[in-house]
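These values consider heavy atoms only, across backbone and side chains, with no hydrogens, waters or symmetry-generated copies. Residues take their numbers from the sequence shown, with the count starting at 1.
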Amino acid sequence: MEKFRAVLDLHLKHHSALGYGLVTLLTAGGERIFSAVVFQCPCSATWNLPYGLVFLLVPALALFLLGYMLSARTWRLLTGCCAPRARGCCRSGLRGYLVCAQLSAAAALAPLTWVAVALLGGAFYECAASGSAAFAERLCGSRNSSCANELPLVPCQKAKESDVQDLLKDLKAQSQVLGWILIAIVIIVLLIFTSVSRCLSPVSFLQLKFWKIYLEQEEQILKSKATEHATELAKENVKCFFEGSHPREYSTPSIKEWQQISSLYTFNPKDQYYSLLHKYVNRKEETHSIRSTEGDTVIPVLGFVDSAGINSTPEL
């Protein structure tokens, strides 16, 4: 039991890092399965280039879109924004663009992993490059005239000329070099972005830890209370339906109140609120509004606030 609790505590403390690690491993494993089982280079001058590029880029695009779909922040940004008189992402200006940029960066993890692992493996690149006329002209160089015609056969080990078949090593080397360059660029950009966002953080390291703990607790309590309230309301409505009686009054938040705690979070150093719910319950009673005021800004390091909600994983 103690070991299970230790594992659970580790997951709660590092759930983001573990989640990204799991996504990376699953993507890398999926690419290896695709390249070994599904991928079969046609070894045709017509089909090599499009076939290789499709396997290299289309799964990456699918993973990128899936990253958007599985992000709670995407649906917080989009839900209701096109409704009449809505004040969602369609009118959120700079805040919306910044959140979209952060969403894109997070969603790019899996597709970049796919492309990097595919380049290190080399199969997709070898197939695509061998079908490119520009690559053929550069690779063949001063070799015999049949080199360009036999180059598409190289991935299938069917080239008749041995020196042409040896070009497979060059293609694999190019692919792996590009893969390592991509990995290096991603790590450097990630390090720079993380360092700069932490450097510009308006709160200290320990307060940031406290903030995340608060959001976890708020989410759990909100879900528990919402479940309890919804259950009581449902029971009362069903009871009244069958008994033909009038229901008791239940105090339920209005549409406007739900919209206010579901909008994008902005930080204001004058009023330090840990969530939109926190900001809402401390709003000015006479206005019943938590509209953005002067000094409200979007802070990248506080992007985790928008991910909090009744359910962190969206249900499509």
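Contact record, Leu167 with Cys147: CD1-SG, 3.9 Å, taken as the closest heavy-atom pair. When all heavy atoms of Leu49 and Ala128 are compared, the pair lying nearest together is CD1-O, 3.3 Å. Here the closest non-hydrogen pair linking Ala116 and Leu182 is N-CD2, 3.8 Å. Looking at every heavy atom in both residues, Pro155 comes nearest to Cys43 through C-SG, 4.2 Å. Considering every non-hydrogen atom in both Pro300 and Ser197, the closest pair reads CB-CB, 4.3 Å. The two residues Trp258 and Pro253 come nearest to each other via the heavy atoms NE1-O, 3.3 Å.
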Let's go through Lys279 and Ile261 carefully: what are the C-alpha distance in whole Å and the side-chain angles of both, what is the deciding distance for side chain to side chain contact (heavy atoms under 4.5 Å, CB included) to 0.1 Å, and is it a yes or a no? CA-CA 8 Å; Lys279 186 176 182 180; Ile261 68 168; over 6 Å; no

Just do the side chain to side chain contact (heavy atoms under 4.5 Å, CB included) check on Val38 and Phe55 with the steps written out, would you? CA-CA 10 Å; Val38 179; Phe55 272 83; 3.9 Å; yes

Evaluate the criterion side chain to side chain contact (heavy atoms under 4.5 Å, CB included) for residue pair Leu119 and Val115; output intermediate values, then yes/no. CA-CA 6 Å; Leu119 289 173; Val115 174; 3.9 Å; yes

Show the numbers, then the answer: is there a side chain to side chain contact (heavy atoms under 4.5 Å, CB included) between Leu151 and Leu139? CA-CA 9 Å; Leu151 187 61; Leu139 286 170; 4.3 Å; yes

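Side-chain atoms of Asn48 never come within 3.5 Å of backbone atoms of Ser130 as a donor-acceptor pair (strictly under, hydrogens ignored). Side-chain atoms of Arg76 come within 3.5 Å of backbone N or O of Asp306 as a donor-acceptor pair. In terms of modelled atom types and a separation under 3.5 Å, the side chain of Thr194 and the main chain of Leu190 share a donor-acceptor contact. At distances below 3.5 Å, at least one donor-acceptor pair connects side-chain atoms of Ser104 with backbone N or O atoms of Cys100. A donor-acceptor pair under 3.5 Å is formed between the side chain of Thr113 and the backbone N or O of Leu109.
Put simply, the side chain of Val301 reaches to within 4.5 Å of the side chain of Leu208, judged on heavy atoms. Residues Leu277 and Glu218 have side chains in contact (heavy-atom distance under 4.5 Å, counting atoms from C-beta outward). Contact annotation: the side chain of Phe64 never approaches that of Trp114 to less than 4.5 Å [non-hydrogen atoms, C-beta and beyond].
In this structure, Val117 is not a member of the same hydrophobic cluster as Ile187, with clusters built from ILVMFWY side-chain heavy atoms closer than 4.5 Å. Using a 4.5 Å cut-off between side-chain heavy atoms of Ile, Leu, Val, Met, Phe, Trp and Tyr, with links allowed through other members, Leu112 and Trp180 fall into different hydrophobic clusters. Under the 4.5 Å side-chain heavy-atom criterion for ILVMFWY residues, a single connected hydrophobic cluster contains both Leu57 and Tyr51. By the criterion of side-chain heavy atoms lying less than 4.5 angstrom apart, applied directly or through intervening Ile, Leu, Val, Met, Phe, Trp or Tyr residues, Phe193 is not grouped with Val186; the two fall into different hydrophobic clusters. Both Phe304 and Ile299 are assigned to one and the same hydrophobic cluster, defined by single-linkage of ILVMFWY side chains at heavy-atom distances under 4.5 Å.
Separation of atoms OG (Ser263) and CG (Leu276) is listed at 4.5 Å; rounding is to 0.5 Å. Between the CG atom of Leu171 and the CG atom of Asp166 there is a distance of 11.5 Å, given to the nearest 0.5 Å. Taking NZ of Lys225 as the reference point, atom NE2 of His229 lies at 8.5 Å (rounded to 0.5 Å). To the nearest 0.5 Å, atoms CG (Leu233) and OG1 (Thr252) are separated by 5.5 Å. Separating the OG atom in Ser71 from the CG atom in Leu66 is a distance of 11.0 Å, to the nearest 0.5 Å. Rounding to the nearest 0.5 angstrom, the gap separating the NZ atom in Lys239 from the CZ atom in Arg248 is 7.0 Å.
Using cut-offs of 30° and 60° for the angle between ring planes, the His278 and Tyr274 rings count as parallel.
In this structure, Lys172 fails the cation-pi test against Tyr125, since its NZ or CZ atom is not both closer than 6.0 Å to the six-membered ring centre and inside 45 degrees of the ring normal.
Counting heavy-atom neighbours within 6.0 Å of Ile255 CD1, excluding the residue itself, gives a total of 12 or less. Within a 6.0 Å sphere centred on OH of Tyr250, heavy atoms belonging to other residues, nucleotides or ligands number more than 12. Within 6.0 Å of the CH2 atom in Trp211, the count of heavy atoms belonging to other residues, nucleotides or ligands exceeds 12. In Glu137, the CD atom is not crowded: 12 or fewer heavy atoms of neighbouring residues, nucleotides or ligands sit closer than 6.0 Å.
For Tyr273 and Tyr265, the ring centers sit 6.0 Å or farther from each other.
Disulfide check for Cys127/Cys41 passes, with the SG atoms closer than 2.5 Å.
No hydrogens or angles considered: nothing links the side chains of Ser275 and Tyr280 as a donor-acceptor pair under 3.5 Å. Looking only at atom types and distance, the side chain of Glu219 has no donor-acceptor partner in the side chain of Tyr214 under 3.5 Å away.
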